[in-house]
Amino acid sequence: GGVSDDGCALTLARMNAMWQHLKDDQIGVLIHKCNAKVGRFEVERRVTLKNEAKRSQMKMESNARSIAKLRLRAKMEKDEADAAATRLVKEKGQFEKALE
């Protein structure tokens, strides 16, 4: 079994040498760092986009609620105005009757 052990040791030595070479390779290190940065940026971008979508969804819902409130208020004010107009017409009629 001596040959396979030697083969194993050789592979290990070669891998160590390659690793050492990679560590010494400044451009490789830079590329690795850049890739890591890009990865982090991508994650951040996805989170930001998700948050933006959530925020804009909440804003839309909030706007929809505001519009619904305004419509309700407008309807109430219109009903009040209609009631007031009806009262005025009635009072005018009574006043004219009193003048006869």
Side-chain angles (χ1 to χ4, degrees):
V3 176
S4 66
D5 285 351
D6 283 351
C8 232
L10 188 65
T11 308
L12 210 58
R14 197 176 291 143
M15 280 172 69
N16 280 335
M18 279 167 61
W19 175 239
Q20 204 51 52
H21 175 70
L22 272 175
K23 277 203 297 192
D24 294 342
D25 175 14
Q26 287 307 304
I27 289 173
V29 169
L30 251 169
I31 288 171
H32 180 73
K33 278 184 180 164
C34 284
N35 285 338
K37 230 177 227 176
V38 167
R40 281 198 303 275
F41 175 76
E42 272 302 309
V43 168
E44 210 170 295
R45 191 177 69 92
R46 275 199 299 271
V47 168
T48 302
L49 285 175
K50 211 181 280 178
N51 287 344
E52 283 297 319
K54 213 178 286 173
R55 204 172 296 139
S56 95
Q57 175 73 24
M58 280 165 62
K59 193 160 174 48
M60 276 168 57
E61 286 169 7
S62 164
N63 286 347
R65 278 196 299 272
S66 297
I67 289 168
K69 273 186 202 159
L70 286 172
R71 282 199 178 127
L72 191 65
R73 188 183 299 158
K75 187 191 177 311
M76 284 165 63
E77 284 177 4
K78 184 185 179 302
D79 290 349
E80 274 177 30
D82 287 350
T86 306
R87 264 201 317 276
L88 280 174
V89 168
K90 212 180 278 174
E91 284 171 12
K92 182 173 174 273
Q94 288 170 350
F95 183 66
E96 283 171 349
K97 221 175 243 157
L99 284 181
E100 283 169 4

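This chain uses plain numbering: 1 for the first residue, then up along the sequence.
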- prompt: With a cutoff of under 4.5 Å between side-chain heavy atoms, which Ile, Leu, Val, Met, Phe, Trp and Tyr residues group with I27?
  reply: I31
- request: List, by chain and number, the other hydrophobic cluster members for V89, where Ile, Leu, Val, Met, Phe, Trp and Tyr join if side-chain heavy atoms come within less than 4.5 Å, directly or indirectly.
  value: none
task: Using the test side-chain hydrogen bond (donor to acceptor under 3.5 Å, both in side chains), find all partners of D82 that sit at least two apart in sequence or belong to another chain.
output: K78
query: By salt bridge (charged side-chain N to carboxylate O under 4.0 Å, His left out), which residues pair with K54, not counting sequence neighbours?
result: none
Side-chain donor-acceptor pairs under 3.5 Å in residues 61-68, sequence neighbours left out?
residue	atom	partner	partner atom	Å
E61	OE2	Q57	NE2	2.9
S66	OG	S62	O	3.1

- line: Going by chain and number, the hydrophobic cluster around M76 (ILVMFWY, side chain to side chain under 4.5 Å) further includes L72
message: Please enumerate all residues that pass side-chain hydrogen bond (donor to acceptor under 3.5 Å, both in side chains) together with K92, with sequence neighbours excluded.
response: E96
Considering only distance and modelled atom types, tabulate donor-acceptor pairs under 3.5 Å from the side chains of residues 40-48, sequence neighbours left out.
residue	atom	partner	partner atom	Å
E42	OE1	R45	NH2	3.2
E42	OE2	R45	NE	3.4
T48	OG1	E44	O	2.8

statement: Hits for side-chain hydrogen bond (donor to acceptor under 3.5 Å, both in side chains) against N16, two or more places apart or cross-chain, chain-then-number order -> none
message: Just to verify, what does K69 make a side-chain hydrogen bond (donor to acceptor under 3.5 Å, both in side chains) with, not counting sequence neighbours?
response: none
message: If the threshold is 4.0 Å, N to carboxylate O, is there a salt bridge linking E100 and K97?
response: no
- prompt: Using a side-chain heavy atom cutoff under 4.5 Å and only I, L, V, M, F, W and Y, what cluster partners does L30 have?
  reply: none
message: Just so I know, are the side chains of R73 and L70 near enough to count as touching, which here means a heavy-atom distance under 4.5 Å?
response: yes
Set of residues satisfying salt bridge (charged side-chain N to carboxylate O under 4.0 Å, His left out) with respect to E80, sequence neighbours excluded: none
